[in-house]
Amino acid sequence: MNRMQTLGTTVRQQAGSISSGWLLALALSALSLTSAHAQGAIVVGQSCDLSGASASRVKEYTRGVDAFIDRLNAQGGVNGRPVKLVRYDDAFVPEKTLENTKRLVEQDGALLLFGMGSAPGTAAILPYAAEKKIPVFGSLSGATGLRKGQPMLVHFRASFVDEVNRLAMHLSTIGIRKIAVLAADLPIGKDGIAALENVAKGRGLDVVKIARVSADMKNLDESAAAIAAAQPQAVLILAPAGPGIKFTEALKKARVTGQLAGLSVMSSDSLYKALGEQVQGMIITQVVPFPWNTKMDMSRDYQKLMADAKVPLSVDSMEGYMSARLLTEGLKAGGPKLSCESFIAGLEGMNRKDVGGLQVTFSPEDRSLTHLVDITMIGKNGKLIN
């Protein structure tokens, strides 16, 4: 599956619904973009999971990306050039991610890669990106292994460590002392356990049980039973969206009564769609501004965009919107003669920039544009409480 967007397709989609009084203005606008097309579109490549373990979350994420890029191109693109997004499904398979990446660069002419999916998939492409000197603007993972020693990789979301630290502080604040962990055999599980063990003592938390679930999940019920036997006050679930749903079901089946909590990649939207009111009361960290915030410029712009696109609000599409907006800031900062080198240089010059109320920082030492982590709870009818 792929997706290619240009201003031309956006104009054609709009033309049928615009009154004749505006047709001349629309035609003149399209003609004014001829020189931009002559320069060529800015091709951005993406390989992500549209059919595998995290597809429910990623599909919602892409709705925010696509809505933002559609509007961007309708408004003239970046420095007069349309942005063309080419997207392929890798089904959460690292080998497929690398295959897609080579296709994006060598056949589709991608200037940079964007919003790459899993931690294993992103790790698989980094040697190739380094060899070709292709920037990778963001992974949908917060894995620690992607955070250091990767000069071509830029992050648009907080790390798993950031999320666990924030969650540990919150649980301690509300009086939790005994905590257990149910972790997937993935980078999120390894990073999350290490982060919790590092901060637990300082937060007054006693980690009473750590249960690791194998990749085939054959020991899931046994692991959930072990968590129940430990009688923790809270359970931290360390898994992406698909497995996270199964982990939550297993804990409910094992009659775990403690507070359930998870990281942003579990996707509060996917959880509620799959399990309904069973997940009411779950705490989920978020790495984006609260989508329903009416005071923050970024959230208000997102709300208007989604309303115009007739897309419901969600934290996952908000992450797509936010990442596309931050990508655009980087493309603009790269200047009219955009290159891989000017893109990175432009980002490095964006330290302490305000983007719709979101404070962006970037440097050679810290290659994450934001470390924002918020706490939410799934309420009645799936409504998030902030």
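Basis for what follows: all heavy atoms, side chains included, without hydrogens, waters or symmetry-related copies. It should be emphasised that the depicted structure is a prediction, and the values quoted were computed from it without experimental measurement.
A salt bridge links K96 to E99: at least one charged side-chain nitrogen sits closer than 4.0 Å to a carboxylate oxygen. In this structure, D301 does not pair ionically with K304, as no charged nitrogen and carboxylate oxygen lie closer than 4.0 Å. R57 and E319 are joined by a salt bridge, as a carboxylate oxygen and a charged side-chain nitrogen come within less than 4.0 angstrom of each other.
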Exercise for review: Show the numbers, then the answer: is there a side chain to side chain donor-acceptor pair (under 3.5 Å) between S214 and D216?
Suggested key: CA-CA 5 Å; S214 60; D216 59 15; 2.6 Å; yes

Check your understanding: Can you list the steps and then say if K383 with I378 is a side-chain contact (heavy atoms from CB on, under 4.5 Å)?
Key -> CA-CA 6 Å; K383 182 179 179 179; I378 301 175; over 6 Å; no

Review point. Between N100 and I125, is a side-chain contact (heavy atoms from CB on, under 4.5 Å) present by the stated rule, with each step listed?
Key: CA-CA 10 Å; N100 288 347; I125 71 165; over 6 Å; no

**Study point:** Test log, rule side-chain contact (heavy atoms from CB on, under 4.5 Å), inputs S342 and K337
**Key:** CA-CA 8 Å; S342 70; K337 296 182 179 179; over 6 Å; no

**Study point:** Audit row: R87, L50, side-chain contact (heavy atoms from CB on, under 4.5 Å) steps and yes/no
**Key:** CA-CA 10 Å; R87 176 184 298 135; L50 300 174; 4.1 Å; yes

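No side-chain heavy atom of M169 sits less than 4.5 Å from a side-chain heavy atom of V164. The side-chain heavy atoms of V181 and V235, taken from C-beta on, include no pair separated by under 4.5 Å. Considering only heavy atoms from C-beta on, L347 comes within 4.5 Å of V154 through its side chain. A 4.5 Å side-chain heavy-atom check between H170 and I375 finds at least one atom pair inside the cut-off. The shortest distance between side-chain heavy atoms of F114 and V65 falls below 4.5 Å. Between Q278 and T248, the closest side-chain pair of non-hydrogen atoms is not below 4.5 Å.
Atom CD of Q231 has 12 or fewer neighbouring heavy atoms from other residues, nucleotides or ligands inside a 6.0 Å radius.
Counting only N and O atoms by type, the side chains of D366 and S363 include no donor and acceptor under 3.5 Å apart. Side-chain N/O atoms of E163 and S264 include a donor and acceptor closer than 3.5 Å. For the 3.5 Å distance criterion, the side chains of N293 and S299 fail to qualify, holding no donor opposite an acceptor. In summary, the side chains of Y88 and T97 do not present any donor paired with an acceptor at a separation below 3.5 Å, with no hydrogens or angles considered.
Here ring pair (Phe, Tyr, Trp, His ring centres under 6.0 Å) pairs that include residues 299-318, with residues two or more places apart or in two chains, are Y302-Y321.
The side-chain hydrogen bond (donor to acceptor under 3.5 Å, both in side chains) search around S268 returns Q286, not counting sequence neighbours.
Under the side chain to side chain contact (heavy atoms under 4.5 Å, CB included) test applied with P291, the options N386, L384, V315, D316 reduce to a single match, V315.
Ring-plane geometry between F343 and F137 is classed as perpendicular, the angle between the planes exceeding 60 degrees on a 0 to 90 degree scale with a lower cut at 30.
The distance from the CG atom of D269 to the OH atom of Y61 is 14.5 Å, given to the nearest 0.5 Å.
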